[in-house]
Amino acid sequence: MSDIVSPLEPGSMMSDLRVRFAPSPTGSLHIGGARTALFNWLFARHNNGVFVLRIEDTDLERSTGESARGIVSALRWLSLDWDEGPEIGGPCGPYFQSQRLCLYTEAANKLLEQGMAYYCYCTQEELSERRQQAMKAGKASRYDGRCRTLSREDRIRLEQEGRRPALRFHIPPSGVTVVTDVIRGEVAFSHEVLDDFIIMKSNGHPVYNFACVVDDSSMKISHVLRAEEHLSNTPRQILIYQALGEPLPVFVHLPMILAPDRSKLSKRHGATSVQEFSEQGFLPEALLNYLALLGWSPEGEEEIMPLPEIVRQFSLDRVGKNAAIYDTKKLTWMNGHYLNEADLNSVVEQAIPFLQQRGLVPDDVSPEQREYITRVVEIVRTRVKTLAEIADASDYFFSDDFIYEEKGVRKHFSKPGVDRLLSAAAQRLEPLEPYETRVLEDAYRDLSTELGVSAGEIIHPTRLALSGRTMGPGLFELMAVLGKKKTLQRLERAVQFIRQQA
RNA sequence: GGCCCGUUGGUCAAGUGGUCUAAGACAUCGGCCUUUCAAGCCGGUAACAGGGGUUCGAAUCCCCUACGGGUCACCA
């Protein structure tokens, strides 16, 4: 038995598993789209399948090249790489729908010849007029099929009026189409609720429900993972697959991601685009990890999971059914975690643009500056949650020109004798060598004992003197990073300030 | 409005008829630690939408109601 290697059916090989992410370039990639992309990618990587990226730019009015580029770069930022698609091509290209027009026309002609599609000369105005009336009468606004039976003469007449026809798909008048969905089971749609929908616009371009089917079948997509909003489109698409004589893919409708107010995600909900999260200083690893947990859950209790581990564990069995509201608090917490755990140099690399943006470091960072930045980031990152906060929390390391927090001045600079305390500290620091955390702390402890004050009484004013703040990294680490020269200067500056106040 | 999907704490979620006096995470509250702020550690508050069934037994199965979402475009 063990000698017999059973030949795999060609159709059953895992490498035939093909999924795609098919965004329309009418805006930036928002986290809902990113989650869909992620699940497709995870599913492909876990099963050794192929992940295809296809740009659905059939809407001439709304699609822009800029959006397409934005989506591509957002996916790259997230490190969701595709095996076929824009920039890299592949055997099923092109990967922009706008460049696959002849495929749609060909398929449309086939349906036309078979009598499964027909020309419709109704104008958009007429259509919407009828829709309004139906609405008013409280009836379903379905297309009434009036162009289905147009004669040759009718059509010539209508075209002489200057009308350009759209192509409609003829829904089989009775019956039920059942969508078999991995997440939701069997969902039946009666044909009565489906009307003859347009598959080719009068401008010769296909409409989503049609282009999508033509592409998914010509690209040999085996599993369609997409958001649940497409579930009710699916019966229409199945009917097209059948009319074209193409096999159905496996459908997987993912639960939606909703905004905090339970409504569908849109721009007015603040940061929802991947780019915005990036600009706010979130790390791609954190966003990915967070997104993976929206709709999917691992078997164990550990939620912090690096991407390879998520790939290893990912399974459709553990994808839920219900929509999720995203919660920036948890994302922020997770980001803070990744900020601390990630490789220091990588965090520095990503933090530098934020420092530059605030004018804290020059556009060209020298090796010495980078070394200094690294030391700063190392002690600052443990107490912040985002890259932007790293920059906010470390400005005084890069600029001498800071003001003292008012609250701190009241609390730590107003006690009689603080100026002498700081002077004494400066004197004690001056000869210290090496200027290191341990040495600094010992010096301060000794000094406070000698002066008969608590360590805090001298530590707090020192922090304020050095950073202008009442909170921050451990004081002795701060001093060590700042260096002796700056420390002494700032101590002196504070002494002057206090004496002026008095 | 028609059709479709969904409903476990504030949020994400585990749970697939008994082990549920319902796990874990974030948030929140309290404590410990401590030079501050975080982090970390320990502990607390907090949920099966409602009503009917089925069953010896229901968060889990069925029905109804309510609520939420989606969809009904020459948008995707």
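Naming: A, B, ... by sequence-line order, numbering from 1 per chain.
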Quick note, A:Arg463 side chain, CB onward, closest among B:rU36, B:rC26, B:rA38 is B:rU36
Whole-Å distance, A:Met256 CE to B:rG69 C1', equals 7 Å
Exercise. Looking just at side-chain N and O atoms, do A:Ser98 and A:His205 make a donor-acceptor pair shorter than 3.5 Å?
Worked result: no
Ranking B:rA14, B:rA38, B:rC5 by distance to the side chain of A:Ser297, first place goes to B:rA14
Across all chains, not counting sequence neighbours, the ring-ring contact (aromatic ring centres under 6.0 Å, His included) partners of A:His230 are A:Tyr208
Under the rule of Watson-Crick or G-U wobble with both distances under 3.5 Å, where | means paired to another strand and [ ] a crossing pair, RNA chain B maps to ((((((((.[[[..)..(.....]]].(((((.......)))))....[[[[[..)....]]]]])))))))....
Mind checking the P distance from B:rA59 to B:rU19? Whole angstroms is fine. 9 Å
Separation of B:rG40 atom C1' from A:Ile304 atom CD1, nearest Å, is 14 Å
### Under 4.0 angstrom between A:Asn322 side-chain N/O and B:rU8 OP1 or OP2
yes
Checking B:rA25, B:rC5, B:rC26 against the side chain of A:Glu303 (C-beta onward), the nearest is B:rA25
Check: Between A:Phe314 and A:Trp296, is a ring-ring contact (aromatic ring centres under 6.0 Å, His included) present by the stated rule, with each step listed?
Finding: CA-CA 8 Å; A:Phe314 189 78; A:Trp296 173 81; 5.7 Å; yes
Taken to the nearest whole Å, CD/A:Glu186 to C1'/B:rC4 is 15 Å
A:Tyr143 six-ring face occupied by A:Arg168 cation (under 6.0 Å, within 45°) = yes
For this session: Test A:Arg226 against A:Thr234 for side-chain hydrogen bond (donor to acceptor under 3.5 Å, both in side chains), laying out the working first.
Result: CA-CA 11 Å; A:Arg226 64 189 10 164; A:Thr234 309; 3.2 Å; yes
Using the P atom in both, what is the distance from B:rU60 to B:rG53, to the nearest Å? 15 Å
Of the candidates B:rC12, B:rU35, B:rC4, the side chain of A:Leu231 sits closest to B:rC4
note: A:Glu477, atom CD; B:rA38, atom C1'; distance rounded to Å ~ 12 Å
Of B:rA38, B:rU8, B:rC37, the nucleotide closest to the side chain of A:Lys385 is B:rA38
Would you call A:Arg375 and A:Glu477 a salt bridge, taking side-chain N to carboxylate O under 4.0 Å as the test?
-> no
Any N/O pairs under 3.5 Å between the protein and nucleotides 71-76 of chain B? List them or say none.
residue: B:rU71; atom: OP1; partner: A:Glu229; partner atom: OE1; Å: 3.1
residue: B:rU71; atom: OP1; partner: A:Lys264; partner atom: NZ; Å: 3.0
residue: B:rU71; atom: O4'; partner: A:Ser232; partner atom: OG; Å: 3.2
residue: B:rA73; atom: OP2; partner: A:Ser141; partner atom: O; Å: 3.4
residue: B:rC74; atom: O2; partner: A:Ser202; partner atom: N; Å: 2.7
residue: B:rC74; atom: O2; partner: A:Ser202; partner atom: OG; Å: 2.9
residue: B:rC74; atom: N3; partner: A:Ser202; partner atom: OG; Å: 2.9
residue: B:rC74; atom: N4; partner: A:Cys122; partner atom: O; Å: 2.8
residue: B:rC75; atom: OP2; partner: A:Lys201; partner atom: NZ; Å: 2.8
residue: B:rC75; atom: O2'; partner: A:Asp59; partner atom: OD2; Å: 2.8
residue: B:rC75; atom: O2'; partner: A:Arg62; partner atom: NH2; Å: 2.8
residue: B:rC75; atom: O2; partner: A:Arg62; partner atom: NH2; Å: 3.2
residue: B:rA76; atom: OP1; partner: A:Thr58; partner atom: OG1; Å: 2.5
residue: B:rA76; atom: OP1; partner: A:Asp59; partner atom: N; Å: 3.4
residue: B:rA76; atom: OP1; partner: A:Lys201; partner atom: NZ; Å: 3.4
residue: B:rA76; atom: OP2; partner: A:Tyr208; partner atom: N; Å: 2.8
residue: B:rA76; atom: O3'; partner: A:Glu56; partner atom: OE1; Å: 3.1
residue: B:rA76; atom: O2'; partner: A:Ser24; partner atom: OG; Å: 3.3
residue: B:rA76; atom: N6; partner: A:Asn233; partner atom: OD1; Å: 3.2
residue: B:rA76; atom: N6; partner: A:Asn233; partner atom: ND2; Å: 3.1
residue: B:rA76; atom: N1; partner: A:Asn233; partner atom: ND2; Å: 3.2

Check: B:rA25 base within 3.5 Å donor-acceptor of A:Lys330 side chain: yes
TODO: Decide, yes or no, whether a salt bridge links A:Glu126 with A:Arg163 under the criterion of side-chain N to carboxylate O below 4.0 Å.
DONE: yes
- Query: Hey, would you say the A:Phe21 and A:Phe51 ring centroids sit under 6.0 Å apart?
  - Reply: no
To the nearest angstrom, the CD1-P distance between A:Ile390 and B:rA38 comes to 17 Å
